[in-house]
J.: 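Sharing a structure here in structure tokens format.
These numbers were taken from a predicted model, which means no experiment stands behind them. Note: hydrogens, waters and symmetry copies are ignored here, and every other heavy atom, side chains too, is used. Letters A, B, ... are given to chains in the order of the sequence lines, protein chains preceding strands, and every chain is numbered from 1.
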Amino acid sequence: GAGVSQSPRYKVAKRGQDVALRCDPISGHVSLFWYQQALGQGPEFLTYFQNEAQLDKSGLPSDRFFAERPEGSVSTLKIQRTQQEDSAVYLCASSLAAGVVYNEQFFGPGTRLTVL
Amino acid sequence: AQSVAQPEDQVNVAEGNPLTVKCTYSVSGNPYLFWYVQYPNRGLQFLLKYITGDNLVKGSYGFEAEFNKSQTSFHLKKPSALVSDSALYFCAVWITDSWGKLQFGAGTQVVVTP
């Protein structure tokens with residue numbers, strides 16, 4: 001399809017394991033956002049890419065969280081040494097232009113991470 | 001701090017009745033406001049946005065929202081609810097710091113009964 005896709009859809013990790021979550025944005029979309037959605041809460045901003053440049057990572061909760069978008073398309077969110085508090089749904093969104101409020105963000109289905 | 005608040009965790013309405021989901025905001029400067037809907041195991045879907053202009057904004061699936069500057073509100077409305085409207089609804093505001101980002105409310109679960 002033409003939408004934002006994320007993989008895996010579900011991930012179970014043991015505490016201390018590293019995980020990598022993938023996002024395939026809509027082709028041609030310049031902007032890419034990662035959000036974390038805890039159970040019963042709204043999505044919380046993690047980081048923002050404009051093409052391959054990570055311009056805002058102010059929402060990353062710790063230095064265990066790392067995101068990249070090396071070729072300006074696919075993005076990976078990596079969490080090192082996972083903790084139970086990392087359990088959440090991780091959402092990826094893309095939009096056509098850069099930094100313009102008028103542009104709608106298209107969301108993927110999310111990856112549900114459970115850390116045991 | 002810039003934020004949105006959704007005062008109701010859940011809204012229950014009978015099919016065919018009007019549906020209102022409340023949202024209030026607190027921003028410095030002009031507010032840019034959005035509504036998204038989330039169905040189980042699916043990503044958020046955009047419903048509508050207010051950037052400027054008419055206070056009544058029309059969106060997808062028969063939804064509309066009324067921007068009220070004096071009450072700092074942006075309530076989502078639908079004249080006649082459907083069972084298929086049962087979902088989780090999020091209000092969001094665009095935060096104009098740095099490169100900009102969406103800040104979401106906690107969400108309101110809408111339950112439409114036949």
J.: Between B/Tyr36 and B/Phe46, how do the two ring planes meet: parallel, tilted or perpendicular, split at 30° and 60°?
T.: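 It falls in the perpendicular class, over 60°.
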J.: For residues B/Phe63 and B/Tyr89, establish whether the separation of their ring centroids is below 6.0 Å.
T.: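 So the answer is yes for these two rings.
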J.: Heavy-atom distance under 4.5 Å to chain B: side chain of A/Tyr35, backbone, both or neither?
T.: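 Only the side chain of A/Tyr35 comes within 4.5 Å of chain B.
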J.: Look up atom CD in A/Glu68 and atom CD in A/Gln54, then write down how far apart they are to the nearest 0.5 Å.
T.: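 Rounded to the nearest 0.5 Å, the CD-CD separation comes out at 9.5 Å.
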J.: If you define the side chain from C-beta out and look only at heavy atoms, does anything of B/Val93 sit under 4.5 Å from B/Phe34?
T.: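 Contact flag for B/Val93/B/Phe34 side chains = no.
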J.: Can you tell me which portion of A/Glu44 sits under 4.5 Å from chain B's heavy atoms? Options are side chain, backbone, both or neither.
T.: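 Neither part.
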J.: For the pair B/Gln10 and B/Asn12, evaluate side-chain hydrogen bond (donor to acceptor under 3.5 Å, both in side chains) and give the outcome as yes or no after the intermediate values.
T.: CA-CA 7 Å; B/Gln10 182 165 316; B/Asn12 298 298; 2.9 Å; yes
J.: If I measure from the heavy atoms of chain B, does A/Leu55 come under 4.5 Å with its side chain, its backbone, both, or neither?
T.: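 Interface part for A/Leu55: both.
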J.: What part of B/Gln45 is in contact with chain A, defined as an atom under 4.5 angstrom from a non-hydrogen atom: side chain, backbone, both or neither?
T.: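 For B/Gln45, no heavy atom lies under 4.5 Å from chain A.
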J.: If you tally heavy-atom pairs under 4.5 Å against chain B, which of A/Leu91, A/Val4, A/Asp56 wins?
T.: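 Maximum pair count with chain B is reached by A/Asp56.
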